[in-house]
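Reading through the structure tokens given below for one structure.
No experiment lies behind these values; they were computed from the predicted model shown. Computation of the quantities below employed the complete heavy-atom set of this structure, encompassing side-chain atoms and omitting hydrogens, waters and symmetry-equivalent molecules. Along the sequence shown, residues carry numbers from 1.
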Amino acid sequence: MAAGNSPDSRWSALQSYDAVLAELPSLLTLLDDDDARLRTRIAYLLAWFPEFSTTSLPHLLALAAHGKDPVTAATALLAAGLVGPSSTAEDITPYLDATDPLMRWAAASALIRLAGIDKTPVDASLLSRTVAELTAAARSPFTRVTDYCEGDLHGHIERTLHTLPPGSVPAAVREALDACLPRIVWDYYGSRTRKAIQELFPAPQPHPAPSYSDLTAAQQQLLGDLAGHRHAWLIRSSADRLRDLGLPHPQEALQSFVGAHRTG
């Protein structure tokens, strides 16, 4: 025991969780606050407490429907999908036709999460629409993202798709995952980068090495993201693998390799 507290971090985390849960009823009023960022944070917070969904779900759906800030509305919509029962899909499905791609992404993510709740078969046409929407978001990412992504839109899409039951529209899911694979600009921990290098470059490059323009679009995207990555340690941690593959490995070499083609 330290200062009267349990040394078990799980116990401390549970105590903190219960303390926040107890305060949620009073925090609901903040969903009407004038500060859009505050409304967004409360909507995001509610997504962590499914046991409070009987109370929170109507508020989240109302905020998604009437919220003037797109990020707030998208955050509330995905939160509704995370805490609501499978029947929530009826309220969320219309947002697949929303004008804002951020709302369509939130609706698609929520619907795929809801698809894993029941054992009943998922409507194939609806599932195809949601996967197609996530594929579109992966190929043409938007700059506005919600807190769920932690800056990593492609990583979030990848995790969402992996929650689908095995065999669900496999071709479309593979296409969506392939669109996410080379996008590692926001890979903070390096695991997605290592996986992308392994899958996109399964064998060393021939000698002499091909030019940038001879690579596949996915290979070009990966090397371009590595060249522009803000965390130099990620490239250093991948340097041995890149070198073994016959690819440029210091970040400066990657930048020269990619930039010569893009400006040429």
Side-chain angles (χ1 to χ4, degrees), residues 40 43-44 46-67 70-142 144-150 152-183 192 199 218:
T40 303
Y44 175 73
L46 292 172
W48 292 87
F49 295 89
E51 61 269 70
F52 189 63
S53 62
T54 301
T55 301
S56 66
L57 186 58
H59 292 273
L60 290 169
L61 291 173
L63 187 59
H66 306 296
V71 174
T72 302
T75 299
L77 186 63
L78 185 46
L82 290 171
V83 303
S86 58
S87 58
T88 312
E90 298 178 9
D91 299 294
I92 293 176
T93 299
Y95 291 97
L96 287 175
D97 297 318
T99 302
D100 194 321
L102 184 62
M103 287 296 285
R104 297 198 301 272
W105 163 81
S109 299
L111 288 168
I112 287 179
R113 298 284 187 177
L114 288 168
I117 293 179
D118 288 341
K119 301 295 184 180
T120 54
V122 181
D123 180 78
S125 61
L126 177 61
L127 192 56
S128 295
R129 285 186 66 195
T130 60
V131 172
E133 194 57 53
L134 293 186
T135 304
R139 289 177 171 169
S140 301
F142 27 79
R144 299 166 304 164
V145 295
T146 67
D147 289 335
Y148 302 104
C149 303
E150 297 180 328
D152 186 4
L153 175 66
H154 293 91
H156 189 277
I157 292 173
E158 200 172 331
R159 291 192 299 274
T160 298
L161 290 169
H162 280 308
T163 66
L164 284 170
S168 300
V169 283
V173 170
R174 185 67 256 171
E175 184 179 354
L177 289 172
D178 286 345
C180 293
L181 182 64
R183 301 306 304 267
R192 292 184 59 236
E199 291 197 21

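Not counting sequence neighbours, the partners of Thr72 by the side chain to side chain donor-acceptor pair (under 3.5 Å) test are Thr40, Asp69. Residues forming a side chain to side chain donor-acceptor pair (under 3.5 Å) with Thr135 (at least two apart in sequence, or on another chain): none. Residues passing the side chain to side chain donor-acceptor pair (under 3.5 Å) test with Arg139 are Glu175, sequence neighbours excluded. Considering only residues two or more places apart in sequence or on other chains, Ala218 meets the side chain to side chain contact (heavy atoms under 4.5 Å, CB included) condition with Pro182, Leu200, Thr216. Listed by chain and residue number, Ala43, Leu60, Leu63, Ala64 satisfy the side chain to side chain contact (heavy atoms under 4.5 Å, CB included) test with Ala76 (two or more places apart in sequence, or in another chain). Listed by chain and number, the residues in a side chain to side chain donor-acceptor pair (under 3.5 Å) with Asp152 are Arg192 (sequence neighbours excluded). Residues passing the side chain to side chain contact (heavy atoms under 4.5 Å, CB included) test with Pro58: none are found, sequence neighbours excluded. Partners of His59 by ring pair (Phe, Tyr, Trp, His ring centres under 6.0 Å), not counting sequence neighbours: none found.
Distance check: Thr93 OG1 to Asp123 CG gives 9.0 Å after rounding to the nearest 0.5 Å. Interatomic distance, Ile112 CD1 to Leu134 CG, rounded to the nearest 0.5 Å: 4.5 Å. Rounding to the nearest 0.5 Å gives a distance of 11.0 Å between SG of Cys180 and NE2 of His156. Atom-to-atom distance recorded for Leu61:CG and Ile92:CD1 is 6.5 Å, nearest 0.5 angstrom.
Sorted by first and then second residue, the salt bridge (charged side-chain N to carboxylate O under 4.0 Å, His left out) pairs with a member in residues 49-58 form an empty list; sequence neighbours excluded. Residue pairs meeting the side chain to side chain donor-acceptor pair (under 3.5 Å) criterion with at least one partner in residues 97-115, sequence neighbours excluded, are Asp97-Arg129, Asp100-Arg144, Arg104-Glu133, Trp105-Ser109, Arg113-Thr160. Within the structure, salt bridge (charged side-chain N to carboxylate O under 4.0 Å, His left out) pairs that include any residue of residues 85-95 do not occur (at least two apart or interchain).
In terms of heavy atoms, His154 sits closest to Ala138 at NE2-O, 2.8 Å. Of all heavy-atom pairs between Pro101 and Phe142, the closest is O-CE2, 3.8 Å. What you find for Leu82 and Ala47 is that their closest heavy atoms are CD1-CB, 4.0 Å. The shortest heavy-atom contact between Leu46 and Val83 is O-CG1, 3.5 Å. Closest of all the heavy-atom pairs between Leu114 and Gly84 is CD2-O, 3.6 Å. Pairing each heavy atom of Leu102 with each of Ala74, the nearest pair is CG-CB, 3.7 Å.
The side-chain heavy atoms of Leu181 and Leu177, taken from C-beta on, include no pair separated by under 4.5 Å.
Between the Tyr44 side chain and the Tyr148 main chain, no donor and acceptor come within less than 3.5 Å of each other.
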